[in-house]
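Counting begins at 1 with the first residue of the sequence.
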Amino acid sequence: MAGNKGYINLPWQQHRHGARYDRPFPAMSRPECIGVCSIDARRDYVDDASGASYLMEPPWPRLPIDLNAGIEDVIRKPTDHATKDLEFVLLYIQRHKEQLLRKRPSQPGSLGLQTDFITLRGILRQIMCMQYEWKRVFRIKATLLNGNIYLAKEDTEEQRLENENMTEAQLNMCSWGFKFEQCVTSAQPRGKPVTNVPVNEAEEFMGMFRGQLAGLKLLYGAEMDCVVSQEPVDFKDPAVLNSLKFVELKTTAYNMNHNQMRSFEQYKSANWWSQSFLVNINTIFAGLRDAKGLVQKIEEIDVRTLARSKPWNPSAMAWFLEQFLRQLKQLLVAIDDPFAVVQVDFRERRASYEVLRDPEHQILPDWYRKLLQTG
């Protein structure tokens, strides 16, 4: 029986910024999009592609693009959104239970998924980058139910206070990325962007992805910026889903100074690469903006070249994720309690865990647990 507190042993020292790393990339399947859903303006789940956006066709909007236009009317995402993200994945499973759920021969009367982990792309990305961003605090909660492990992110008290005390300037800078998306996408293919309405940051278009990492099976949701297509996409067709060209939209500083360039090389580029890699995105369009929020240039970036001549290593990032997931699985199997929640805190090159069992710590709602019972 595992203890109620301890540490997950991770290879924090396997690679340092700029050092050589020769271990080959672990076996990993191409991420497969198996479905989509939308989150509407009220943060309600919608089981369709109504939230999808299409990248506008060239030419781009006239430069510079003012990312502050209409910012006084922006509708920002609720601060507790991270705790609810997993629930959207669970709702997708509920709506597509015939496709995803199977009876478990080893546990009569129960259903499960043919995967090891159910989570969000953002959680996987942050774990991949954690060995390089070890000063950052990151908390996740995990529970094992019917052979499947569910992972959810939770803000620490420090992070909650930091979010609550953000200045207006900081909030506006966070909103610039959403405004850039509004300026270069449309709701229909070959459509024109609609930029004279408030940006609603609560709206999302989510893709559900399936993949394998060194034998570990993963199912995860990911917020997708837009798709490239000159014709309307049938998001219900599996063959179409598997051939879709999604792209990522970003904003970053134009004419970076030394500190900005160092931050991009060491951290931001690693986040961009891992975020795109996990959903098979090959292209990022970056709005290069000045300090006033004016986009002066739009740059196309090939994700496959993003890791070249960087101090971080993609293989080391993938192995770090694999080691964490594998050891977390071993821990949860040893605990063997469907109501046990393992809270993991990444802090100062340590991953400490605590086993929690009180109702307020549960990450799976009662309705979902009932869904996995066959009666």
Checklist entry - Distance only, no hydrogens: is a donor on one side chain within 3.5 Å (strictly under) of an acceptor on the other, for Y45 and D47? => result yes
Checklist entry - Between E322 and R326, does at least one N-O distance fall below 4.0 Å, as a salt bridge requires? => result yes
Checklist entry - Do E223 and R121 meet the salt-bridge criterion of a basic N to acidic O distance under 4.0 Å? => result no
Item to check | NZ/NE/NH1/NH2 to OD/OE distance under 4.0 Å, K250 and E248 | outcome: yes
Item to check | H361 ring center near F339 ring center (under 6.0 Å) | outcome: no
Item to check | Centroid-centroid distance, F346 to F320, less than 6.0 Å | outcome: no
Checklist entry - With no hydrogens and no angle check, do the side chains of Y132 and Q266 hold a donor and an acceptor under 3.5 Å apart? => result no
Checklist entry - Does the cation-pi check pass for R349 over W12, that is, NZ or CZ under 6.0 Å from the six-membered ring centre and within 45° of its axis? => result no
Checklist entry - Is R139 salt-bridged to D155, cutoff N-O under 4.0 Å? => result no
Checklist entry - Does one side chain, of Q212 or R30, offer a donor that lies under 3.5 Å from an acceptor on the other? => result no
Item to check | N-O pairing of E265 and R262 below 4.0 Å | outcome: no
Next on the checklist: Less than 3.5 Å apart, any donor N or O on the side chain of N271 or Q126 sitting next to an acceptor on the other?
Outcome noted: no
Checklist entry - Is there a donor-acceptor contact under 3.5 Å linking the side chains of K5 and S352? => result no
Checklist entry - Going by an N to O cut-off under 4.0 Å, is there a salt bridge joining R347 and D345? => result no
Checklist entry - For residues K370 and Q373, is any side-chain donor paired with an opposing acceptor at under 3.5 Å? => result no
Next on the checklist: Starting from F205, can I reach L55 by hopping between I/L/V/M/F/W/Y residues whose side chains sit under 4.5 Å apart?
Outcome noted: no
Checklist entry - Side chains of S175 and E201: donor-acceptor distance under 3.5 Å anywhere? => result yes
Next on the checklist: I'd like to know if the side chain of S276 reaches the main chain of W272, judged simply by a donor and an acceptor atom lying under 3.5 Å from each other, with no hydrogens or angles considered.
Outcome noted: yes
Checklist entry - Given side chains that start at C-beta, do those of I118 and L113 come closer than 4.5 Å, heavy atoms only? => result yes
Next on the checklist: Salt bridge check, K292 against D290: does any charged N sit closer than 4.0 Å to a carboxylate O?
Outcome noted: no
Checklist entry - M256 and W273: same hydrophobic cluster, using ILVMFWY side-chain contacts below 4.5 Å? => result yes
Item to check | Single hit among N4, L151, L144, I335 for side-chain contact (heavy atoms from CB on, under 4.5 Å) with V342 | outcome: I335
Checklist entry - Any cation-pi pair here, R16 with Y21, using under 6.0 Å and within 45°? => result no
Item to check | Ring-face cation contact, W319 with R23, 6.0 Å cut, 45° max | outcome: yes
Next on the checklist: Pairing donors with acceptors under 3.5 angstrom, does anything connect the side chains of R104 and N146?
Outcome noted: no
Checklist entry - Does Y220 use its side chain to pair, donor to acceptor, with the backbone of L278 at less than 3.5 Å? => result yes
Checklist entry - What pair of heavy atoms forms the shortest contact from D85 to R43, and how long is it? => result OD1-NH2, 3.6 Å
Checklist entry - Do W312 and Y267 have ring centres separated by under 6.0 Å? => result no
Next on the checklist: Does R350 qualify as a cation-pi partner of Y7, given the criterion of NZ or CZ under 6.0 Å from the six-membered ring centre and within 45 degrees of its axis?
Outcome noted: yes
